[in-house]
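This report concerns only the one structure given below.
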Amino acid sequence: MVLINLGIGRADSTKKHGERTKRTLDLKNDEANHITLLGKSGYGKTTIMRGMIEEIYSSYSDAGIPPIIIVIERKVDTSKPKKVIEIYHEESEKLSSAQLSRKYGEGIWNYIEHYVNELENDKELKYGLMGDFAIGFPNILGKYTKMESDEYKSLLGRHGLSPAAYPARRFVFRPRRNIKDIAFDNGPLTETVDSKLAYPDIPFEIIADMNNFSETARYSAILKNIWDIQKIREPGEVLNIAASYETFNSGPSQTYLRIEETMNRLRSDSLFSGDSKHSFLKQITNKKINILDFSQNSELDSFEECLIFKLVVQHAINVAIKYRIPVFFVADEVQNFMRDPAGKWAIDKILREGRSLCINLICATQYTDNLPKDVLIGSSHIGIMGKLASNTDTKTLEKLIPDFKDVVDFDEPGSLSEYESLKRKLRFRGYFSYNKDYTEHIEYRQPQSL
């Protein structure tokens with residue numbers, strides 16, 4: 001087992017007030033530890049997931065079994081860089097250089113100073129687009145921001161933590177920005193890769209999905225034979241073999257033209273590469289946190305994102321079988337994958353095979369009614385952030401978690417001002433259900449990265 005720090009809970013859950021102590025979660029090495037996080041937008045789901053990623057990376061690495069962590073990045077965030085600039089100037093006016101180095105760490109503050117200078121001198125607007133999972137950027141915001149309940153403690157200090165950066169490898173597909181600029185925005189320990197799908201890594205079913213093949217068409221049968229049976233995955237060679245089936249008495253057949261169209265798409269699309277050395281799958285590592293950048297940095301449509309996700313899941317299963325390495329997939333707004341057959345396949349595959357291979361899914365969503373039941377039923381643990389988004393969610397969780405009704409209690413605001421106050425009070429707080437048998441009120445661990 002590996003222990004991860006979830007945050008702070010009450011020493012005696014039957015009392016409203018009392019000593020708060022660190023709460024840990026046992027992650028089992030011989031089975032899946034699926035976790036589903038629920039809550040309204042703005043209550044800190046993504047922030048809490050980032051804290052969990054850091055804990056899993058550190059705890060497993062310290063135990064000598066570094067896991068493969070694969071995070072799916074959905075958005076870039078322009079508000080964080082602005083906040084970094086504000087904090088830098090406010091702190092620089094109040095504190096000396098020596099005080100700033102002691103508070104944040106000399107190396108971290110030097111980097112923040114460098115980042116702010118570059119941002120403020122950026123006339124071309126190259127910078128200022130951090131990812132939601134800026135794992136490689138130290139969280140000075142958490143060190144600066146004071147707790148409402150304790151003005152002497154910061155968000156990080158409350159949990160006994162300090163700003164830190166984690167090594168990350170960020171995979172960008174058809175990049176819209178300069179690779180170096182993306183890396184710079186996401187922190188000093190971030191490596192960014194212009195990512196390609198190599199022909200040898202793409203099974204025929206992916207080719208068929210991409211090109212809307214009919215299963216009964218002759219071109220589909222011929223290409224499947226060449227690509228998957230003969231294992232010839234170089235477009236020029238594929239076309240030569242397809243041409244050998246032709247008589248050419250009256251020009252190329254529709255079968256050949258369909259295969260030619262498919263091969264030309266592979267050769268002309270910058271997403272693909274004929275060189276297996278450039279395959280992003282070969283660069284997925286357990287020495288860094290892997291981030292699939294599906295944000296505005298990558299020029300992908302949702303169909304392509306789901307195909308890439310499917311490829312990565314297939315690859316992770318093979319790696320888990322071969323090397324016995326724990327694998328963690330982290331997916332915010334997981335319902336987006338359920339709208340596409342490839343994405344749904346990937347989620348189902350993790351849930352079906354995860355338990356025997358220690359492949360884990362940590363996912364977050366606002367509503368339960370847009371999820372297949374398997375995601376909730378298959379989750380070992382369910383976390384709630386702040387407030388649930390609908391009464392339907394409450395009824396669903398009452399069926400899944402025996403003590404839910406007795407433990408979970410949400411105040412309802414009576415006015416707009418009460419709502420705003422309650423939202424601040426409940427942010428990063430909620431409930432955590434251990435093995436869906438025991439539920440505890442918890443203040444979730446803050447992330448050390450930004």
Side-chain angles (χ1 to χ4, degrees), residues 2-7 23-27 29 32-39 44-63 65-77 80 130-139 141-142 155-156 159 161-171 186-192 284-295 309 312-313 316 325-334 350 354 358-365 379-383 385 428 430 432 442 444-450:
V2 175
L3 285 177
I4 69 164
N5 172 17
L6 278 181
R23 287 296 182 265
T24 57
L25 176 64
D26 295 339
L27 295 182
N29 298 328
N33 301 276
H34 304 313
I35 300 172
T36 300
L37 303 173
L38 303 166
K45 293 191 300 295
T46 305
T47 303
I48 290 157
M49 291 172 85
R50 204 165 66 246
M52 283 187 173
I53 293 165
E54 296 172 4
E55 272 296 306
I56 290 167
Y57 177 81
S58 298
S59 299
Y60 273 83
S61 297
D62 290 346
I65 43 174
I68 291 176
I69 300 174
I70 300 168
V71 183
I72 295 173
E73 175 78 88
R74 282 288 181 191
K75 301 187 293 291
V76 290
D77 189 337
K80 284 179 184 174
M130 284 182 190
D132 267 357
F133 291 92
I135 296 289
F137 202 107
N139 186 8
L141 179 59
L155 289 175
L156 280 176
H159 295 267
L161 302 170
S162 298
Y166 289 77
R169 183 168 287 169
R170 181 173 284 266
F171 297 93
N186 286 281
L189 294 188
T190 301
E191 172 196 5
T192 304
I284 290 175
T285 177
N286 64 343
K287 294 180 173 62
K288 299 183 179 185
I289 296 167
N290 304 276
I291 300 171
L292 304 184
D293 195 330
F294 290 172
S295 75
F309 185 29
V312 174
V313 169
I325 295 177
V327 180
F328 288 85
F329 282 96
V330 181
D332 202 357
E333 302 300 344
V334 69
I350 295 171
C358 197
I359 297 177
N360 310 276
L361 176 65
I362 300 175
C363 63
T365 187
S379 292
S380 304
H381 317 286
I382 294 176
M385 267 58 69
F428 313 129
F432 195 84
I442 194 167
Y444 288 95
R445 172 201 186 277
Q446 288 293 305
Q448 292 170 275
S449 70
L450 197 57

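The analysis underlying the following values was restricted to heavy atoms, covering all of them including side chains, and did not include hydrogens, waters or symmetry mates. None of these values were measured; they are calculated from a predicted model.
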Ignoring hydrogens, what is the shortest heavy-atom contact between K287 and P167? Give both atom names and the distance. O-CG, 4.0 Å

To the nearest 0.5 Å, atom OG1 of T46 lies from atom CG of D77 at 9.5 Å

Taking C-beta and beyond as the side chain, do I289 and I53 meet within less than 4.5 Å on heavy atoms? yes

Identify, with sequence neighbours excluded, every residue that meets side chain to side chain contact (heavy atoms under 4.5 Å, CB included) alongside I284. I68, I70, F171, F280, L281, N290, V312, H315

What is the minimum heavy-atom distance between N286 and P66, and which atoms define it? ND2-O, 3.1 Å

Residues in side chain to side chain donor-acceptor pair (under 3.5 Å) contact with S380, at least two apart in sequence or another chain: none

Given the rule in the side-chain contact (heavy atoms from CB on, under 4.5 Å) test, do I69 and Y166 qualify, once you have shown the distances and angles that lead to the verdict? CA-CA 12 Å; I69 300 174; Y166 289 77; over 6 Å; no

Taking only residues two or more places apart in sequence or in another chain, which ones pass salt bridge (charged side-chain N to carboxylate O under 4.0 Å, His left out) with K288? E191

Side chain of K45, backbone of G39: donor and acceptor closer than 3.5 Å? yes

From CA spacing to verdict: side-chain contact (heavy atoms from CB on, under 4.5 Å), I291, N186: CA-CA 11 Å; I291 300 171; N186 286 281; over 6 Å; no

Atom CD1 of I359 and atom CD1 of I350: how far apart are they, to the nearest 0.5 Å? 7.5 Å

Testing the basics here: between L156 and S162, what is the closest heavy-atom pair and its distance to 0.1 Å? CD1-C, 3.7 Å

Looking at residues at least two apart in the chain, or sitting in another chain, which of them share a side chain to side chain donor-acceptor pair (under 3.5 Å) with N360? N33

Heavy-atom closest contact (Y444 atom, G430 atom, distance): CE1-N, 4.0 Å

Rounded to the nearest 0.5 Å, how far does CZ of R169 lie from OG1 of T190? 11.5 Å

Closest heavy-atom pair, E54 versus Q448, reported as atoms and distance to 0.1 Å, is OE1-N, 2.7 Å

Rounded distance [0.5 Å steps], OG in S295 versus CD1 in I72: 12.5 Å

Among all residues two or more places apart in sequence or in another chain, which pass the side chain to side chain contact (heavy atoms under 4.5 Å, CB included) test with D26? M1, L3

Please check if the side chain of K80 supplies one atom and the backbone of L450 the other of a donor-acceptor pair under 3.5 Å. yes

Name all residues meeting the ring pair (Phe, Tyr, Trp, His ring centres under 6.0 Å) criterion together with H381; count only those two or more places apart in sequence or in a different chain, and write none if there are none. F432

T47: side chain to side chain contact (heavy atoms under 4.5 Å, CB included) partners, not counting sequence neighbours: R50, F428, Q446, P447

According to side chain to side chain donor-acceptor pair (under 3.5 Å), who are the partners of N5, at least two apart in sequence or on a separate chain? none

What one should report as the nearest heavy-atom pair of M49 and L37 is CG-CD1, 3.4 Å

With rounding to the nearest 0.5 angstrom, report the CD to CZ distance, E333 to R74. 8.5 Å

Worked check of side-chain contact (heavy atoms from CB on, under 4.5 Å) between L6 and M52: CA-CA 7 Å; L6 278 181; M52 283 187 173; 3.7 Å; yes

When rounded to the nearest 0.5 Å, the distance separating OG of S449 from CG of L141 is 11.5 Å

According to ring pair (Phe, Tyr, Trp, His ring centres under 6.0 Å), who are the partners of F309, at least two apart in sequence or on a separate chain? F329, F337

Can you sort out the partners of S379 under side chain to side chain contact (heavy atoms under 4.5 Å, CB included), two or more places apart, ordered by chain and number? H34, T36, I382

Residues in salt bridge (charged side-chain N to carboxylate O under 4.0 Å, His left out) with D132, at least two apart? K75

Only counting residues at least two apart or in another chain, list the ones meeting ring pair (Phe, Tyr, Trp, His ring centres under 6.0 Å) with F133. none

